[in-house]
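Take a look at the structure below.
By convention in this document, chain letters (A, B, ...) are assigned in the order of the sequence lines, proteins followed by strands, and residues within each chain are numbered from 1.
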Protein chains: 2
Amino acid sequence: MTNKNHPCANCSFYEQSLWRPVAGANMSTLARNFTRREMEAGSVLYHQGAPSDGVYCVSRGLFAIRSFGPDGSSSLLRLAYPGELIGYRAFLTGRDHRTEAQALLPSRVCVVAQRDAKQVVRACPEVLTRLAVRCADELDLCHDRIQEAARSPNKERLAQLLEQLMAAHGTKDGRFERMHLPISRQDLADILGVQPETLSRLIKRLQSEGRLRTSGRWIEMPGPMQKHVI
Amino acid sequence: MTNKNHPCANCSFYEQSLWRPVAGANMSTLARNFTRREMEAGSVLYHQGAPSDGVYCVSRGLFAIRSFGPDGSSSLLRLAYPGELIGYRAFLTGRDHRTEAQALLPSRVCVVAQRDAKQVVRACPEVLTRLAVRCADELDLCHDRIQEAARSPNKERLAQLLEQLMAAHGTKDGRFERMHLPISRQDLADILGVQPETLSRLIKRLQSEGRLRTSGRWIEMPGPMQKHVI
DNA sequence: GGGCGTCAGTGACGGTCGTCAAAACCCGCT
DNA sequence: AGCGGGTTTTGACGACCGTCACTGACGCCC
């Protein structure tokens, strides 16, 4: 039994959303008004240092979750695809955002929780459980990333990253267009933790091994697509 | 108003524990029996792959939270000091442990929640909030580590790591004995993500710069102590 | 004491990466 | 077409790190 009043009810990602198991809950206790929000590519949903303004569910598009160091350098911590939740860290802790969420494509988000976390937990503890589990999931991904960073060389990590990006945004023949998914060389380098010059050399090395082809804005890779993990 | 029946009630770390704000809760709904558990140095509280057996609060000693890759290589993900919670990830998600918790010193833990997470959230939602916040905190630390790994060179990270370890276990004059905090060279190298030989050279380089002295099993560092972050 | 295994340190070598600088490229504009 | 600003690529150099091999220190057992 789903709740037709919820903005996610018509999303194809509704099944993954926060709300499926709590369809009968009194929504008004969780957010003043459930709104969708359309975002242009490049616009920012919430900034680093801003106070929590709610939990969002990505229903269309793609978001980059970034963090900026005191010296202005940025790290791309993860990508948020449709069906994923963002903004829950600040919501759970009641502290300011430590990351910024920038739309990489024209995107749409649903506001799934807006009121104070303490009100939410009273009104619907199951929602808090879901948020906590999602937080634990992201922790797992971070642990994986820390481990992999110490082990596999950057060349392999680049190959995996490109496979993942193409699995999400490549066409059926395994071609991945950077301009349609506006990730710059700098962004790719950030993800891998290397400099853009090094990234250029990594790509070249993969090309020379026949594991990757580039033609203009396209990157082509052979092999099967994989599930996304950043 | 504190609950004198709780095993943490007599710990000096009680104030930091999960239980202070919910002292009036009906404890029996959260765990069958609140027990302390004494651990020898080197023994393992929970193994990777084991099902969740509860949430623990470290009340004495020190734990290493490790993860093992499929090839047997290990990463030291973090250290858990007295007052910190461990085991909550498996508890929150209901899935198996992805890490193992090994006592590095003779240690004592309090079992702070043992029943199914769904029962806990019904009995005392505030506890779930605390666990979720703690999970978000660890996520922050992981993000910091990912960012720092990409930025600062290993030499600086080693200097910071030694400062942190000495802040926790060094004597007042800034001497840090490895044998009293049984962290091998391999462990230190794991934390930094380098090989033991490289670690040896890093230490040597810090020595040559006058930023560190070693005499036998001791490592001595000048400068002020810092708060622990792994 | 002698042998043995484990761990820590040292040296040599090659590969990788960061940094700087310059060239090449892309794109919008006039 | 020509120009200017940004991004990407390439080259050269040095620093850093992983790997392998070897040595030395230490503890343990016979």
Side-chain angles (χ1 to χ4, degrees), chain A residues 41-42 69 71-76 104 146-162 176-209 211-219, chain B residues 42 69 71-76 104 146-162 176-209 211-220:
Chain A
D71 56 349
S73 61
S74 77
S75 283
L76 207 163
L104 292 182
I146 287 176
Q147 283 192 276
E148 281 182 29
R151 270 188 246 309
S152 59
N154 284 335
K155 191 178 64 175
E156 300 307 319
R157 293 173 57 211
L158 171 62
Q160 283 185 18
L161 175 64
L162 289 177
F176 164 66
E177 185 168 3
R178 277 214 327 275
M179 300 309 286
H180 283 179
L181 176 64
I183 287 189
S184 66
R185 283 286 196 267
Q186 183 67 58
D187 275 337
L188 286 174
D190 277 344
I191 297 177
L192 297 174
V194 300
Q195 297 305 111
E197 297 97 324
T198 301
L199 176 65
S200 178
R201 283 179 248 271
L202 290 176
I203 291 175
K204 208 178 180 184
R205 225 180 309 162
L206 282 178
Q207 277 181 311
S208 69
E209 296 177 9
R211 297 167 61 180
L212 184 145
R213 273 185 307 155
T214 61
S215 57
R217 294 167 180 163
W218 294 85
I219 294 180
Chain B
D71 56 348
S73 60
S74 76
S75 283
L76 207 163
L104 292 181
I146 287 175
Q147 284 191 278
E148 282 182 29
R151 271 189 245 308
S152 58
N154 284 335
K155 190 178 66 176
E156 300 307 318
R157 294 173 58 214
L158 171 63
Q160 283 185 18
L161 175 64
L162 290 177
F176 164 64
E177 184 167 6
R178 280 214 324 277
M179 300 308 287
H180 282 180
L181 176 63
I183 286 189
S184 66
R185 283 285 197 267
Q186 184 66 56
D187 276 337
L188 286 174
D190 276 344
I191 297 177
L192 298 174
V194 299
Q195 297 305 111
E197 297 97 324
T198 302
L199 176 65
S200 177
R201 281 180 250 270
L202 289 176
I203 291 175
K204 207 177 179 184
R205 225 179 309 163
L206 282 179
Q207 278 182 312
S208 70
E209 295 177 10
R211 296 167 63 183
L212 184 145
R213 273 183 305 156
T214 61
S215 55
R217 294 167 179 165
W218 293 85
I219 295 180
E220 307 176 38

Generate the contact string for nucleotides 17-22 of chain D. Rules: B means base contact, S means sugar-phosphate contact only, - means no protein heavy atom under 4.0 Å. SSBB--
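Side-chain nitrogen and oxygen atoms of K204(B) include none within less than 4.0 Å of the OP1 or OP2 phosphate oxygen of dC16(D).
In this structure, R201(B) has no side-chain hydrogen bond (donor to acceptor under 3.5 Å, both in side chains) partners at least two apart in sequence or on a different chain. By the salt bridge (Lys or Arg N to Asp or Glu O under 4.0 Å) test, E156(B) is found to be paired with R211(B), residues two or more places apart in sequence or in another chain being considered. Scored by the salt bridge (Lys or Arg N to Asp or Glu O under 4.0 Å) test, E197(A) finds no partners at all (sequence neighbours excluded). In this structure T198(B) satisfies the side chain to side chain contact (heavy atoms under 4.5 Å, CB included) test together with V194(B), Q195(B), L202(B), sequence neighbours excluded.
Nucleotide dG6(D) holds its P atom 15 Å from the CD atom of Q186(A), rounded to whole Å. Nucleotide dT8(D) holds its P atom 12 Å from the CG atom of D190(A), rounded to whole Å. Atom CG in D187(B) sits roughly 18 Å away from atom P in dT6(C) (whole-Å rounding). If you measure from atom CD1 of I203(B) to atom P of dT10(C), you get 10 Å, rounded to the nearest angstrom. Whole-Å rounding puts the R185(B) CZ to dG9(C) C1' distance at 9 Å.
No donor-acceptor pair under 3.5 Å is formed between the side chain of R157(A) and the backbone N or O of E148(A).
Closest contact between the side chain of S184(A) and the listed nucleotides dG11(D), dT8(D), dG9(C) involves dT8(D).
In terms of heavy atoms, L192(B) sits closest to N154(B) at O-OD1, 4.0 Å.
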